[in-house]
Protein chains: 2
Amino acid sequence: MPRTSRSIPREAPLPDAGVQSEGFRETRKARRGALVEDYVELIADLIDDGNEARQVDIAARLGVAQPTVAKMLARLAVDGLVSRKPYRGVFLTEAGRKVADESRARHRVVEDFLRSLGVSEEVARIDAEGIEHHVSAETLEAFRKAMTRGR
Amino acid sequence: MPRTSRSIPREAPLPDAGVQSEGFRETRKARRGALVEDYVELIADLIDDGNEARQVDIAARLGVAQPTVAKMLARLAVDGLVSRKPYRGVFLTEAGRKVADESRARHRVVEDFLRSLGVSEEVARIDAEGIEHHVSAETLEAFRKAMTRGR
DNA sequence: GAAAAAATTGAGCCTATGCTATAATTCTAT
DNA sequence: ATAGAATTATAGCATAGGCTCAATTTTTTC
Ligand SMILES: [Mn+2]
Ligand SMILES: [Mn+2]
Ligand SMILES: [Mn+2]
Ligand SMILES: [Mn+2]
């Protein structure tokens, strides 16, 4: 049986457990996809910048060790997002390029939106790096509209 | 040596590797803290709603198995955020209450802000659940101001 | 006051992401 | 052409966060 409590009640009632758990499940899924998106987007950036996308560069930019990158690239290859020529850098497949382009577009909107709210460049860069993976199509569209409306 | 490429160049130049990796490092740190925040916030919600915060309820609301919750609660206890009376539910320590209050306040601002942009209730709830953990103090303040300005 | 139901605990397993250390390979200079 | 530098590959290990299944303990119900 429920017990009484001296604590201040929440403003809103607790959402239905099924509804709430669905939200948490979605969030965990987004979290799992985040790393893949960051890798693929970064690889596209390196390639489009005119360089090869080498493990050492990816590692340096992500701030992880090179074997960590090697392992993830193997997984991305299995998933059909990248192809590798041994000792030659990594390339995006058609599917990988698609993921990269979409991630990059979304990332850009999020970062630009934060900047449009007056957030500093440094903080916008860091926050956007995490926020981007949790922004749905609907929210992304709302960000776009707000930037248009805002001037 | 850099090789030429037929690809479209990025709009902005690649950021400095050190700067970029710092952003990714920060993001990974936020990701690690996210789960703790969700637990503590949910525990506070259950308690403040007048119920005990039992493992089964926490599990149902997070959408994970109960032993998963048991393991995390043990960790939260070690971290000094909760205390447990065996078979009696979990309680927040003073430190835990502080984390919960801060997380809840931030969560609310993020969700309200999304709603203020016209995002639907369901989507705002899901997106906020992930976004909240990547919103710095500066960005949070920008969200608050935008809501005030906006009307 | 037992039997049944509910909840917690514990063991063992798995995957994802990290790491370090070292070997193997390729590239670059001389 | 070979030595040295750079890069990639491989092996082994650790931690976080999940899971299932079964044992234990507490609480409820009759
Ligand atoms: Mn990105
Ligand atoms: Mn990112
Ligand atoms: Mn929250
Ligand atoms: Mn959350």
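Labels below follow one simple rule: chain letters A, B, ... track the order of the sequence lines, proteins then strands, and each chain is numbered from 1. On a predicted model such as this, the values are computed, not experimentally measured, just so you know. Reckoned from all heavy atoms, side chains included, excluding hydrogens, waters and symmetry mates.
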Rounding to a whole Å, what distance do you find between [X]:[atom1] and [N]:[atom2]?
X	N	atom1	atom2	answer
A:R84	C:dT25	CZ	P	16 Å
A:K29	C:dA16	NZ	P	16 Å
B:R28	D:dT15	CZ	P	18 Å
B:L35	C:dA16	CG	C1'	14 Å
A:R54	D:dT7	CZ	P	5 Å
A:D79	C:dT15	CG	P	15 Å
A:Y39	C:dT17	OH	C1'	9 Å
A:K85	C:dT26	NZ	P	15 Å

Do the non-hydrogen side-chain atoms of A:R61 and B:S21 ever get within less than 4.5 Å of each other? no

Taking the side chain as C-beta and beyond, is there a heavy-atom pair between B:K98 and B:T93 under 4.5 Å? no

Answer with yes or no whether A:Q55 presents, from its side chain, a donor or acceptor under 3.5 Å of a partner atom in the base of D:dA9. no

Lys/Arg N to Asp/Glu carboxylate O, B:R108 vs B:D101, below 4.0 Å: no

Of the nucleotides [options], which has the atom closest to the [X] side chain?
X	options	answer
B:V64	C:dT17, D:dT8, D:dC19	D:dC19
A:Y87	C:dA16, D:dT7, D:dT27	D:dT7
A:V56	C:dC19, D:dT7, C:dT17	D:dT7
B:P67	C:dT20, D:dG18, D:dT20	D:dT20

Side-chain donor-acceptor contact under 3.5 Å, A:E132 with A:S103: no

Most 5' of A:K71 and A:G89 on DNA chain D, judged by nearest nucleotide: A:G89

Just to verify, which of B:E102, B:H133, B:E129 counts as forming a side chain to side chain contact (heavy atoms under 4.5 Å, CB included) with B:H107? B:E129

Below 4.0 angstrom from OP1 or OP2 of D:dC19, is there any side-chain N or O of B:T68? yes

When you check the phosphate oxygens OP1 and OP2 of D:dT27, does a side-chain N or O of B:R88 lie under 4.0 Å from one of them? yes

Of B:A70 and A:G63, the one whose closest nucleotide on DNA chain C sits nearer the 5' end is B:A70

Quick one: on DNA chain C, does A:V36 or B:P86 contact a more 5' nucleotide (nearest heavy atom)? B:P86

